[in-house]
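Since the structure comes first, as C-alpha cells, the remarks are kept for the end.
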2 protein chains.
Amino acid sequence: MAVDRRKQIVEAAGKSFALFGYKATTMEQVAKLANVGKGTIYTFFTNKEELFDVIVDDVIYQLRDLAKTSIDPDQSFMNNLHRFLFSALEFRREHEFVIRLTHEVKEMGTAAAKEGMLKIENAILNFMAVKIQDAIDREDIKPCNPERTAFAMFKMYIAFVFDWELTHEPLSKQEILELFRQYFVNGLAVES
Amino acid sequence: MAVDRRKQIVEAAGKSFALFGYKATTMEQVAKLANVGKGTIYTFFTNKEELFDVIVDDVIYQLRDLAKTSIDPDQSFMNNLHRFLFSALEFRREHEFVIRLTHEVKEMGTAAAKEGMLKIENAILNFMAVKIQDAIDREDIKPCNPERTAFAMFKMYIAFVFDWELTHEPLSKQEILELFRQYFVNGLAVES
DNA sequence: GACTGACCATTTTAATCAACTAGTCATTTC
DNA sequence: GAAATGACTAGTTGATTAAAATGGTCAGTC
C-alpha cells in the first residue's frame with residue numbers, strides 16, 4: 001500500500017481531538033484532515049467513540065513511556081515519585097489533548113470525554129500503585145496499601161498544582177516537592 | 001414589634017435556598033414563605049445576593065460552632081483533626097443547604113453558589129489553619145505551613161470521602177482515619 | 001475489493017417569543 | 001408618618017420550533 005490510511009486517520013483524529021475536543025471534532029473534519037473519504041474511517045473504526053478510544057490508548061501509551069523514561073531504579077522512591085508526577089504534569093500541560101479533555105469535562109460534561117479522562121487517570125494510578133508496591137518490596141518505604149496511597153498522592157498533587165493556584169500564588173516545583181516530603185515521607189509527628 | 005420580619009425572611013430564605021438552591025429560589029417565593037410582602041425584603045437586604053450571603057454566613061457560623069464543640073483541647077491533634085473533619089463531613093451530608101449548593105455548582109455553575117461554597121470552604125480552611133498553628137505551638141506536631149497543611153488535609157479528606165467511592169467501595173471512617181495517620185502523621189519513610 | 005461522498009435519520013444549534021423574576025415605588029396600612 | 005406592600009417595569013430566562021449540522025450507511029466508482 002502506498003499510504004497507511006489507518007495511520008493517517010489516527011493522526012488526524014489525534015490532532016483534531018486535541019485541538020477541538022471530542023464534541024467539536026466531526027468525522028468529516030477528521031476525514032478531510034486525513035485526506036480520506038468519510039466512509040473510509042468506518043472501515044477501520046466502528047464509530048466515533050472507538051476512534052476516540054484509540055487516541056486515548058495512544059496517549060496512555062505515550063504517558064507510560066514518558067514515565068518509564070523519567071524513573072531511575074537507582075534513585076530513591078521519593079525522587080522517583082517526584083520525577084514521575086512532574087513528568088505526568090509536564091505531559092498534561094504540554095499535551096493539548098489532555099488539557100482540552102479536562103476542559104471539556106468541566107465545562108460541558110461530555111460523557112465520552114469523561115470516560116477518556118477516567119481511563120487516563122486510572123492508567124496513572126495503576127502505574128503508580130505498581131511502583132509503590134516495588135518500593136515497599138525494596139523496603140524503600142513502609143508497607144501501605146499501594147492503590148490508596150497512589151490515589152492520595154495523585155489527588156494531592158493535582159490539588160496543589162491546579163487547585164491551590166485558584167486562590168493563592170502558584171507553588172514552585174521545589175515547594176511542592178518539599179510539601180510531599182513533609183506530609184508523605186516524614187509525617188508531622190514529632191520525633192519522640 | 002409583634003413579629004420580627006427580618007428573622008422571618010432569613011428563615012424563609014434559608015429553607016428555600018436549601019430546598020431549591022440559589023437560582024430556583026425566587027424573591028416572591030421567599031416573601032410568601034415568610035408571610036411578608038416582596039418589597040419588605042428589600043428594606044432589610046439590598047438584593048438577592050446579599051440575602052444569600054447572610055444565609056451563607058449563618059451556615060459558616062453554625063459550622064464553626066459545631067467544630068468548636070467537636071474539638072477537645074485535651075485530646076491529641078490527630079484525634080481532634082479527625083473529629084473536626086468528620087463533623088464537617090456530617091454537617092455537609094446532613095445539611096441540605098450545602099448539598100444543594102454543591103450540586104448547583106457542579107450541575108449549573110451558578111456564580112453566586114460558587115462564591116458561597118468558596119466562602120464556606122475558606123472558613124473551614126482558616127479554622128483548620130488556626131488549629132494547626134496551635135498544635136505546632138504546643139509542639140504536638142512538627143513545624144509546617146498551617147495554610148498549606150490545612151489545604152492538603154482538606155483536599156485529601158474530600159478526595160477519600162467523595163472521589164474514592166466513585167470508582168471503589170467506600171472507605172469506612174476507621175480506614176480514612178488510618179490513612180490519615182499513615183500519610184500525615186507517621187509518614188512513609190522507613191525508620192532508620 | 002478498497003474507497004468514496006451523496007444521502008438519511010437524528011441530534012444540535014439558532015431564532016423567536018412568551019413567561020418569569022429582580023428590583024422599584026406609588027399607594028395603603030396601622 | 002413610618003413601615004409594609006404588591007402592581008409594575010426592564011431585563012432575563014425558558015419553551016418552541018425551524019434550520020443546520022453530524023454520525024453513520026451504502027450504492028456506486030476506481
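In the text below, chain A, chain B and the rest are named by the order of the sequence lines, each starting its count at 1.
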Quiz item: According to a strict under-4.0 Å criterion, is A:T43 in side-chain N/O contact with OP1 or OP2 of C:dA2?
Solution: no
Self-check item: Between P of C:dT4 and CD1 of A:I9, the distance in whole Å
Solution: 9 Å
Quiz prompt | Contact nearer the 5' end of DNA chain D, comparing B:T40 with B:M108 | solution = B:T40
Quiz item: So which of residues 12-35 of chain A are in contact with DNA chain D, with a heavy-atom cut-off of under 4.0 Å?
Solution: A:T25, A:T26, A:M27
Quiz item: Just by distance, with hydrogens left out, do B:Q133 and B:D137 show a side-chain donor and acceptor under 3.5 Å apart?
Solution: yes
Quiz item: side chain to side chain contact (heavy atoms under 4.5 Å, CB included) with B:K38: which of B:Q29, B:E28, B:K32?
Solution: B:E28
Quiz prompt | Shortest non-hydrogen separation from A:V30 to A:T25 and the atoms involved | solution = CG2-CG2, 3.6 Å
Quiz item: When the distance from CD1 of B:I41 to P of C:dT24 is rounded to whole Å, what number comes out?
Solution: 13 Å
Quiz item: Run the ring-ring contact (aromatic ring centres under 6.0 Å, His included) check on B:F52 and B:F45 step by step: do they pass?
Solution: CA-CA 10 Å; B:F52 179 68; B:F45 308 95; over 10 Å; no
Quiz item: At under 4.0 Å, does any side-chain N or O of B:R5 touch on OP1 or OP2 of D:dA3?
Solution: no
Exercise. Looking only at side-chain atoms of B:K48, point me to the closest of D:dT5, C:dT4, C:dA22.
Key: C:dA22
Practice problem: Would you mind reading off the distance between A:Q8 atom CD and C:dA2 atom C1', rounded to a whole angstrom? | Solution: 14 Å
Quiz item: Rounding to a whole Å, what distance do you find between B:F44:CZ and C:dG23:C1'?
Solution: 17 Å
Practice problem: Could you tell me the separation between the CZ atom of A:F45 and the P atom of C:dC3, rounded to a whole number of Å? | Solution: 13 Å
Quiz item: When the ring planes of B:F180 and B:F184 are compared, do they come out parallel, tilted or perpendicular, using 30° and 60° as the limits?
Solution: tilted
Quiz item: What is the distance, rounded to the nearest whole Å, between atom CG of B:L51 and atom P of C:dG23?
Solution: 10 Å
Quiz item: Which whole-number value in Å describes the distance from A:F52 CZ to D:dG23 P?
Solution: 13 Å
Quiz item: Quick one: is D:dT5 close enough that its OP1 or OP2 comes under 4.0 Å of any side-chain N or O from B:K38?
Solution: no
Self-check item: Parallel, tilted or perpendicular, as decided by the 30° and 60° cut-offs, for the rings of B:Y183 and B:F160
Solution: parallel
Practice problem: Check whether NZ of the Lys or CZ of the Arg B:K114 lies under 6.0 Å from the centre of the six-membered ring of B:Y22 and within 45 degrees of that ring's axis. | Solution: no
